[in-house]
Amino acid sequence: MEHKLYIYNTLTRKKEQFIPLHENKVGMYVCGPTVYGDGHLGHARPAITFDILFRYLQHLGYKVRYVRNITDVGHLENDADSGEDKIAKKARLDQLEPMEVVQYYVNRYHKAMEALNVLPPSIEPHASGHIMEQIEFTQKIIDAGFAYVSEGSVYFDVEKYNKSNNYGIISGRNIDEMLETTRELDGQSEKRRSVDFALWKKASPEHIMRWNAPWSVGFPGWHMECSAMGTKYLGEEFDIHGGGMDLMFPHHECEIAQNKAGLGKDSVKYWMHNNMITIGGQKMGKSLGNFITLDEFFTGNHKLLSKAFSPMTIRFFILQAHYRSTVDFSSEALEASEKGLERLMDGYARLQKLSPSATSSIETAGLRAKCEEALNDDLNTPIAISYLFEALKVINSVHDGKATISVSDLEELQSVFKLMVEDLLGLKVEATATGTNEAYKQAIDMLLNMRLEAKRNKDWATSDKIRNELTALGFEIKDTKDGFEWKL
RNA sequence: GGUUCGUUGGCCGAGUGGCUAGGCACCGGUCUGCAAAACCGUUAACGGCGGUUCGAAUCCGCCACGAACCUCCA
């Protein structure tokens, strides 16, 4: 396959050329949401980042299997011994079945993703639907001698693993230092070492999400689901594993250790991590409580938002920064993106209506190559977008009659824009819902005020014409004592 | 404290050892009866101090500031 896609591999801290394990096929796993709350802006970032990768790999001709999980066996809220499962807690507070909570937020997550024009993954496995696989995986690790059972729970023996492997390979953490710094916190824990992590936890009596396992009635450790589901659907070795940078440690570090211990091999070739979205320079996150949900953006219903922002504005905003940089949210920054996007989409619409001439007075060749070059360079969407803006000037000058474009150049330009804007960046023309509704309402009001004025002038012909034609369109017009009312 | 990363013009945000990224705002212009919108054009930056180099915002060192991870987090 002829391409030079380079992606930054967190494992090596370098950009590496992407070469799939199996010719023409790509296996990609991305950590999805824990569904016990509404998705916020931070959740949009990995979804959109890896959506671009998904789209681009397919554009390059690969058959891609994209797996994005749903974590519906909540993680422990506090420390491992006294904690409560997040989803179980939410369920208890709302007096629902845990799976009702899960279903509710999964539905809402899907709705938000669809609005953001994020393509659905090939497989979206639920952790709760793969308990057997997780038990089996845990057993493999026990059999390999890298885990021990303690009071019904199973723990990964990090220290033993680290003797023959490198625990800390992706996060740069040093296990000796970790042992030193955390030793004092070791109490009467059932763990041998504080760095050990759970593969299976025995459920406390109040823990309502529980399953039978050889060791106890309990639930799988957090990191287990990705090991189990990733290898189930993509094989013991696959190409790409993605997720947010905050998952690097401990989640991905543990996942690497689990796979190596249980399977005897490294499963993932390229690890990719998107950076965080910040707000006031600080990470937007659930625990800090400084997040703004996607719905709040779409409706503008949040005190930090000057107005509503459409899903495409959110998408464009995220794409205007490179995925490995932090991006600082502010209402001003979003407004800037909104205007930029509008100009881009207006230009795209204008491009469809340009009239070609016999010759071109402008240069259009090279845009495709430049855009692909940008995406090949670790998905540099901001650079690709900057090229589109440059091309916009060409489009506008042709539109203004200040330049000419030949049929073939026009077709090429249209084709590149279609590819970049719609297929790869995934930007779609949207009838900015709220704005349109407001304008539409005001237009109707204006018409009816004109009718009111005509009535005052006893211009019945005009008055009736307005009423009849609106009625014909399906509006109900009601005269009131001091004005009018209408509805569709 | 440990590990990692960052500090770019009014704001957001790319980037390379020498050649103006881009967006938004500002300013100027075209258009318009006027205005708005739209379009065109211009301006402006590389945290501080040293070093390497013919040349560094880009490489190295130190300092300052900020952030992420070390508990759950996308």
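In what follows, every heavy atom counts, from backbone to side chain, and hydrogens, waters and symmetry copies are set aside. Just so we're clear, the structure is a prediction, and the values are computed from it rather than from any experiment.
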Across the strands shown, which category fits A/N174 at heavy-atom distances under 4.0 angstrom: base, sugar-phosphate, nothing? nothing
Whole-Å distance, A/L116 CG to B/rA74 P, equals 15 Å
Counting only side-chain N and O atoms of A/K283, is one of them less than 4.0 Å from OP1 or OP2 of B/rC69? yes
Looking only at B/rG13, B/rC70, B/rA74, the nucleotide nearest the A/F249 side chain is B/rC70
Q) With sugar-phosphate meaning primed atoms plus P, OP1 and OP2, does A/V30 contact a base, only sugar-phosphate, or nothing at under 4.0 Å between heavy atoms? A) nothing
With a distance cut-off below 6.0 Å to the six-membered ring centre and an angular limit of 45° from the axis, does A/R68 pair with A/F50 as a cation-pi contact? no
Problem set entry | A/F219 and A/H207 aromatic centres sub-6.0 Å | yes
Is A/D400 touching bases, backbone alone, or none of the nucleic acid, heavy atoms closer than 4.0 Å? sugar-phosphate
Practice item. Could you tell me whether A/H399 contacts a base, only the sugar-phosphate backbone, or nothing, with contacts defined as non-hydrogen atoms closer than 4.0 Å? Key: nothing
**Message:** Applying a 4.0 Å non-hydrogen cut-off, can you work out what A/S330 is touching in the nucleic acid: base, sugar-phosphate, or nothing?
**Reply:** nothing
Between NE2 of A/H252 and C1' of B/rA68 the distance, given in whole Å, is 15 Å
Base, sugar-phosphate alone, or nothing: which one does A/R68 contact when heavy atoms must sit under 4.0 Å apart?
-> nothing
- Task: Have a look at A/Q282 and say if it touches a base, only the backbone sugar-phosphate, or nothing, with a 4.0 Å heavy-atom cut-off.
- Result: sugar-phosphate
*Looking across every strand, which nucleic acid part, if any, lies under 4.0 Å from A/M245 by heavy atom: base, sugar-phosphate, or nothing?*
nothing
Between CG of A/L319 and P of B/rC12 the distance, given in whole Å, is 19 Å
So A/L341, base contact, sugar-phosphate only, or nothing? Heavy-atom distance under 4.0 Å.
nothing
Side-chain atoms of A/R343 come closest, of B/rA14, B/rC69, B/rC40, to B/rC40
If the P atom of B/rU20 is compared with that of B/rA45, how far apart are they to the nearest Å?
14 Å
Of the candidates B/rC40, B/rG13, B/rA68, the side chain of A/D328 sits closest to B/rG13
The Watson-Crick or G-U wobble partner of B/rA64, with both key distances under 3.5 Å, is B/rU7
Discussion item. Need one value for A/K339: base, sugar-phosphate or nothing, where a base atom within 4.0 Å counts as base even if backbone is also close, heavy atoms only.
Written reply: sugar-phosphate
Rounded to whole Å, the CZ-C1' distance (A/R45 to B/rA74) equals 10 Å
In whole angstroms, the gap separating C1' of B/rG15 from CD of A/Q320 amounts to 16 Å
| query | Is the count of non-hydrogen atoms from other residues, nucleotides or ligands lying under 6.0 Å from A/R368 atom CZ greater than 12? | reply | yes
Under a 3.5 Å limit on both distances, the Watson-Crick or wobble mate of B/rU16 is none
Please work out if A/L247 contacts a base, only the sugar-phosphate, or nothing of the nucleic acid, heavy-atom cut-off 4.0 Å.
-> sugar-phosphate
Give one of base, sugar-phosphate or nothing for A/G281, where a contact means two heavy atoms less than 4.0 Å apart. sugar-phosphate
Of the listed B/rA14, B/rG23, B/rA38, the closest approach to the A/R350 side chain comes from B/rA38
Evaluation steps, side chain to side chain donor-acceptor pair (under 3.5 Å), between A/T326 and A/N275 = CA-CA 5 Å; A/T326 56; A/N275 213 321; 5.2 Å; no
Closest of B/rC70, B/rC40, B/rA14 to the A/A321 side chain is B/rA14
Taken to the nearest whole Å, CG/A/D246 to P/B/rC70 is 8 Å
Discussion item. If we count only N and O atoms by modelled type, under 3.5 Å, do the side chains of A/H322 and A/Y8 hold a donor and an acceptor together?
Written reply: no
The answer to which of A/N275 and A/G347 contacts RNA chain B further toward the 5' end, by nearest nucleotide, is A/G347
A/H43 has its side chain closest, among B/rC70, B/rC40, B/rA74, to B/rA74
Atom NZ of A/K428 with >12 non-hydrogen neighbours under 6.0 angstrom:
yes
Under the 6.0 Å and 45° cation-pi test, does A/K260 pair with A/Y161? no
Comparing nearest nucleotides in RNA chain B, the 5'-proximal residue of the pair A/V327, A/C31 is A/V327
Whole-Å distance, A/H223 NE2 to B/rU71 P, equals 11 Å
Here the distance between atom P of B/rC39 and atom CZ of A/F389, to the nearest Å, is 10 Å
| message | By the 4.0 Å heavy-atom rule, please label A/S325 as base, sugar-phosphate, or nothing. | response | sugar-phosphate
